[in-house]
K.L.:
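What follows is a single structure, and I will ask about it in a moment.
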Amino acid sequence: MAFLMKSMLSNQVKNLGLGGGGEESKEESTPSDPAAAAGMTREEYEEYQKQMVEEKMERDAAFAQKKAERACLRVHLREKYRLPKSELDENQIQMAGDDVGLPEDLQKMVAEDQVEEEDKDSILGQLQNLQNMDMDTIKEKAQATFTEMKQAAEQKCSVM
C-alpha cells in the first residue's frame, strides 16, 4: 500500500515540476565532450592525453628496468649460494633487454662481499679464525658432549 501511494505522489510531483525531476537536470548539465568537462579546448585536451600516455610509457619502462635489476640480483644470489634458478627472473631480464645490470650500490656491496669471502677462504683467513677460538671452551664443550653421550649410552645399554 505504501509503495502504491509513494509512486502515485512522486508521479504527481514530477508533473508539477516541484523538484521531482532531478535526474533529468543531471543529464542535461553533464557535457558529452570530455575536453569541455575538463575546462580545456579540444587541442589542449588532446595534447594533455598524449602527455599522459607518454608519461605512463616512461613509468612502465622504468618499472620494468627496476624489476629486471632486482631479478638480476636474485639470479646473482642464486648462483652464489647454488640455489635453483627461477624462470620468472630470467623472463624479466629478457623482457627488459640486454642492458640490465646491477645498480651501482648493489655492485659495491657484492664486490665487498666477494673480497670478504676470498679473505675467509684463504689460508691466512683460516689461521686468523684459529687464533680467535678459545681452546678451553672448545675442550669443555667436547668433554660435556662426550659425557652426555656416555650417559645416554649407559641408560640404553644394560651391559654398561
Side-chain angles (χ1 to χ4, degrees), residues 21-160:
E23 296 173 1
E24 295 173 8
S25 64
K26 288 180 184 176
E27 291 176 7
E28 293 173 6
S29 65
T30 57
S32 61
D33 188 21
M40 298 182 221
T41 64
R42 184 60 135 167
E43 293 81 25
E44 290 174 341
Y45 186 75
E46 289 175 2
E47 184 65 30
Y48 174 73
Q49 289 295 327
K50 287 179 186 178
Q51 288 176 351
M52 295 298 289
V53 169
E54 289 174 2
E55 288 176 5
K56 184 179 183 320
M57 290 173 60
E58 289 174 7
R59 286 193 308 269
D60 290 344
F63 182 68
Q65 181 70 22
K66 289 288 185 186
K67 282 177 68 174
E69 288 175 355
R70 292 183 195 119
C72 186
L73 176 66
R74 287 191 296 269
V75 167
H76 175 75
L77 290 174
R78 283 190 177 102
E79 289 174 359
K80 178 179 178 181
Y81 294 110
R82 298 181 186 130
L83 298 173
K85 294 181 179 180
S86 171
E87 292 181 20
L88 179 65
D89 289 341
E90 293 174 3
N91 291 340
Q92 286 178 347
I93 292 171
Q94 288 176 355
M95 286 174 46
D98 294 333
D99 58 341
V100 177
L102 292 176
E104 293 178 18
D105 297 339
L106 295 176
Q107 286 178 351
K108 290 177 185 176
M109 290 172 55
V110 168
E112 291 172 1
D113 288 344
Q114 287 177 346
V115 169
E116 289 176 8
E117 288 180 11
E118 289 173 1
D119 290 343
K120 288 180 182 178
D121 290 341
S122 68
I123 294 174
L124 294 176
Q126 295 297 327
L127 289 176
Q128 288 176 349
N129 286 340
L130 288 176
Q131 290 176 355
N132 294 335
M133 289 186 201
D134 186 17
M135 294 304 279
D136 293 333
T137 56
I138 293 174
K139 285 180 184 177
E140 290 174 6
K141 286 182 183 179
Q143 288 176 350
T145 304
F146 180 72
T147 55
E148 287 177 12
M149 288 173 47
K150 186 176 178 182
Q151 289 174 354
E154 288 175 355
Q155 289 175 355
K156 290 181 182 179
C157 183
S158 61
V159 175
M160 296 179 108

K.L.:
Measure the spacing between CE of M95 and CD1 of I93 and express it to the nearest 0.5 Å.
P.N.:
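Those atoms lie 11.5 Å apart.
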K.L.:
Working to the nearest 0.5 Å, report the span between OG1 of T147 and CD of Q151.
P.N.:
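So the gap between those two atoms works out to 5.5 Å.
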K.L.:
Please indicate whether E87 has more than 12 foreign heavy atoms, meaning atoms of other residues, nucleotides or ligands, lying under 6.0 Å from its CD.
P.N.:
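Not more than 12 within 6.0 Å, no.
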K.L.:
Excluding sequence neighbours, so at least two apart, what forms side-chain contact (heavy atoms from CB on, under 4.5 Å) with M52?
P.N.:
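Listed in chain order: Y48, E55.
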K.L.:
Considering residues at least two apart in sequence or located in another chain, which fulfil the salt bridge (Lys or Arg N to Asp or Glu O under 4.0 Å) criterion with R74?
P.N.:
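For R74 the salt bridge (Lys or Arg N to Asp or Glu O under 4.0 Å) partners, ignoring immediate neighbours, are D89.
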K.L.:
With sequence neighbours excluded, tell me which residues meet salt bridge (Lys or Arg N to Asp or Glu O under 4.0 Å) with K139.
P.N.:
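Scan of K139 (salt bridge (Lys or Arg N to Asp or Glu O under 4.0 Å), adjacent residues dropped) gives none.
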K.L.:
Please, which pairs that meet side chain to side chain donor-acceptor pair (under 3.5 Å) have at least one residue in residues 59-71, sequence neighbours excluded?
P.N.:
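Every side chain to side chain donor-acceptor pair (under 3.5 Å) pair that includes a residue of residues 59-71, provided the two are not neighbours, is K56-D60.
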K.L.:
Just grab all the side chain to side chain donor-acceptor pair (under 3.5 Å) pairs involving residues 37-47, residues at least two apart or on different chains.
P.N.:
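Only D33-R42, Y45-Q49 qualify under side chain to side chain donor-acceptor pair (under 3.5 Å).
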K.L.:
May I ask you to test the R78-S86 pair for a side-chain heavy-atom distance under 4.5 Å?
P.N.:
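A side-chain contact exists here, since the closest heavy-atom pair is under 4.5 Å.
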